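Written out below as structure tokens is the structure these notes cover.
Being a predicted model, the structure only gives us computed values, none of them experimental. In what follows, chains are A, B, ... by sequence order, proteins preceding strands, each numbered from 1.
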Amino acid sequence: MAEHDPAHNAGTVTLAAAPPAGHVVPARVLLAVWTLLIVLTAATVWVTHFDLGRLNLWIALGIATVKAAFVLLYFMHLRYDHPLNAMWFIFALFFVALFLGGTLTDTEQYQAQLIPGYAPAMTEQSATRQ
Amino acid sequence: MGMEAGSRPQGESSMHAHAANPYLAHHFDTPQQQFESGKLAMWIFLATEVLLFSGLFCAYAVYRANHPEIFVWGHKYLDVTLGGINTVILICSSLTMAWGVRAAQLGRKRLLVTCLSLTLLGGAGFLGIKYVEYKHKWHDGLLWAGQYNPRHGDTESGHSPAEALLAGTPATQPAGAMQSAGMTPRGEGQPAGHAAGTIEPALRPFTASPAAPTVRPEAAAGQAPPTAHSESLKAERSMLPMAAVGPPGLRVSEQTGTYQLAAEQAPRQLWIFFSIYFLMTGLHALHVIGGLGAISWILVRSAQGQFGPMYYTPVDLVGLYWHLVDVIWIFLFPLLYLIH
């Protein structure tokens, strides 16, 4: 709460009437998040120079998720907002996870075997597994 | 007691605000309530946007799970430098947007106008680079399913086995596409057309002889100055299997006897990558265009001095939208450009 006060004071000083809700994100926080996003972008390009197998995909997705989280929390104020806003977004992500998870589970079970030669890389995988 | 003391001045000020604030709709008690309602609605909209894009991400995941070799192959046609620059541009424009919201909250009109202008500039720059990338693919015929018709002869053709395999595509295309590919060559200007006579599409049903896609000598010899892109493709040459062998994933199925069918299918399936690429980046680009429109609208309004600490809801909500566009690109960039 203490960190909210200066911002609100700044608002009330500028304007006599009641300021609407809204947390003013400090300039250095914005700059720090921006720096982090640029560094992570460089990192995600740099890491592709190493062949880590399947891990490459997960590292890329992990870095993207961290970047997205910082944009959401600070640029989009979710950290300072009413939790209801974040809840809506998390609900959406939950349903996306269900959607993707269900579809992928299904396709990995059947798709490769349905049409001969349709998904050679997947048949290769299942062959090496057995 | 403390509550009363806290709430009474607020009630008074809201009555003042009703009179003083022309932007406070009469069905809201306070500017704060109005702001939070609008913001909640925006978040609900953003949730639906996430669900909209998730359909395409799902298509991406299914096709990548089934055909990893197509994605490994296809992403070599995307320019990581241009994609990376676009990522940085969007992140910078997100920063200027967040800074603009801050300026509006603090009532600094000139800073707000500057920030919004810079954000507009960033979005326009992003679209400009996207245009260059699209134009290059359009020129090379690397388009979505129905229009997928790779064109060779000026920059990369004949060098990369991947290109040579792509050259075999007409053999598996529908009749109409086959005609445009070689039987009845189109002129240079045709977007989906094929460079006349540079490649002879050899019909090779169920055969995988190395000679299948015939590249004429002049196509391989007469080259335009190599671009950075073709250099990188050349560098990758050792990693790519022979054209007749196909992508790494195809080799093993040779043992099972499905190799020939698979090799014949591989070029056809390469459409998938470009279909998904254009769908995802295209829908994203439409959102960028929409965002630019919205930012222009609040730029005009902020130049008129309509926003300040009392009322900056449109700036904040357009900002949220713009950041979501950035977030989606943050996922699109590694998924499309940085496949390993």
Side-chain angles (χ1 to χ4, degrees), chain A residues 7 10-11 14-15 17-22 24-25 27 30-31 33-34 37-38 41 44-45 48 51-52 56-57 60-61 63-64 67-68 71-72 74-77 81-82 84-86 88-89 91-93 95-96 99-100 103-104 107-108 111-112 116-124 127, chain B residues 10 13-14 16-17 20-21 30-32 34-36 39-40 43-44 46-47 50-51 54 57-58 61-62 65-69 80 84 87-88 91-92 94-95 98-99 102 105-107 249-250 252-253 256 258 261-262 265 308-312 316 320 323 326-327 330-331 334-335 338 340:
Chain A
T14 333
L15 212 90
V24 183
V25 185
L30 291 181
L31 280 176
V33 170
W34 175 78
L37 290 174
I38 297 290
T41 303
T44 194
V45 174
T48 53
D51 188 2
L52 305 169
N56 276 106
L57 175 64
L61 282 178
I63 292 178
K67 285 166 73 181
V71 172
L72 287 160
Y74 293 96
F75 283 0
M76 298 172 85
H77 301 183
D81 262 2
H82 197 283
L84 195 58
N85 296 342
W88 267 96
F89 200 75
F91 280 156
L93 293 183
F95 282 106
V96 170
F99 181 29
L100 280 175
T103 315
L104 279 179
T107 194
E108 286 184 5
Q111 199 66 40
Y118 172 71
M122 283 192 75
T123 18
E124 177 194 345
Chain B
Q10 198 185 13
S13 67
S14 80
H16 286 299
N21 187 348
T30 61
Q32 174 171 350
Q34 181 176 7
F35 173 75
E36 292 198 336
K39 200 162 186 177
L40 177 62
W43 274 103
I44 294 171
L46 294 188
V50 168
L51 294 174
S54 78
F57 278 105
C58 192
V62 168
N66 279 288
H67 313 285
E69 73 280 0
V80 177
T87 309
V88 171
I91 288 173
C92 291
S94 253
L95 174 73
W99 210 283
R102 190 173 183 279
Q105 287 172 320
L106 297 176
L250 295 178
V252 169
S253 35
T256 65
T258 55
L261 179 63
Q265 282 180 344
M310 275 299 290
Y311 180 71
Y312 60 91
D316 202 74
L320 288 179
H323 294 311
D326 183 28
V327 165
I330 281 175
F331 281 96
L335 285 178
L338 302 177
H340 206 292

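Residue contact with chain A, scored on non-hydrogen atoms closer than 4.5 Å, involves the backbone and the side chain of B:S94 alike. For A:V25, the part lying under 4.5 angstrom from a heavy atom of chain B is the backbone only. Of the two parts of A:A27, the backbone and the side chain both hold a non-hydrogen atom closer than 4.5 Å to a non-hydrogen atom of chain B. Contact of A:L30 with chain B is made through backbone and side chain together, with heavy-atom distances under 4.5 Å.
Of all the listed residues (A:I63, A:V33, A:T44), the one sharing the greatest number of non-hydrogen pairs under 4.5 Å with chain B is A:T44. Considering only heavy-atom pairs separated by less than 4.5 Å from chain B, the leading option among A:N56, A:V96, A:N85 is A:N85. Between chain A and the residues B:I330, B:V50, B:V327, the largest count of heavy-atom pairs under 4.5 Å involves B:I330. The choice from A:D81, A:L72, A:L52 that makes the most heavy-atom pairs within less than 4.5 Å of chain B is A:D81. Per-residue heavy-atom pair counts under 4.5 Å with chain A were compared for B:C92, B:C58, B:A47, and the maximum is reached by B:C58.
In plain terms, the two heavy atoms of B:L51 and A:F95 that are nearest each other are CD2-CB, 4.2 Å. When all heavy atoms of B:L335 and A:L57 are compared, the pair lying nearest together is CD2-CD1, 4.1 Å. Among all heavy-atom pairs drawn from A:L104 and B:A61, the shortest one is CD2-O, 3.6 Å.
Rounding to the nearest 0.5 angstrom, the gap separating the CG atom in B:D316 from the NE2 atom in A:H77 is 5.5 Å. Atom-to-atom distance recorded for B:L46:CG and A:W88:CH2 is 11.5 Å, nearest 0.5 angstrom. Remark: A:L84 CG to B:I44 CD1 distance equals 7.5 Å, nearest 0.5 Å.
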Derivation and outcome, side chain to side chain contact (heavy atoms under 4.5 Å, CB included), residues B:W99 and A:L31: CA-CA 9 Å; B:W99 210 283; A:L31 280 176; 3.8 Å; yes
Evaluate the criterion side chain to side chain contact (heavy atoms under 4.5 Å, CB included) for residue pair A:L37 and B:T87; output intermediate values, then yes/no. CA-CA 10 Å; A:L37 290 174; B:T87 309; over 6 Å; no
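Using a 30° and 60° split on the angle between ring planes, B:W43 and A:F89 fall in the perpendicular class, above 60°.
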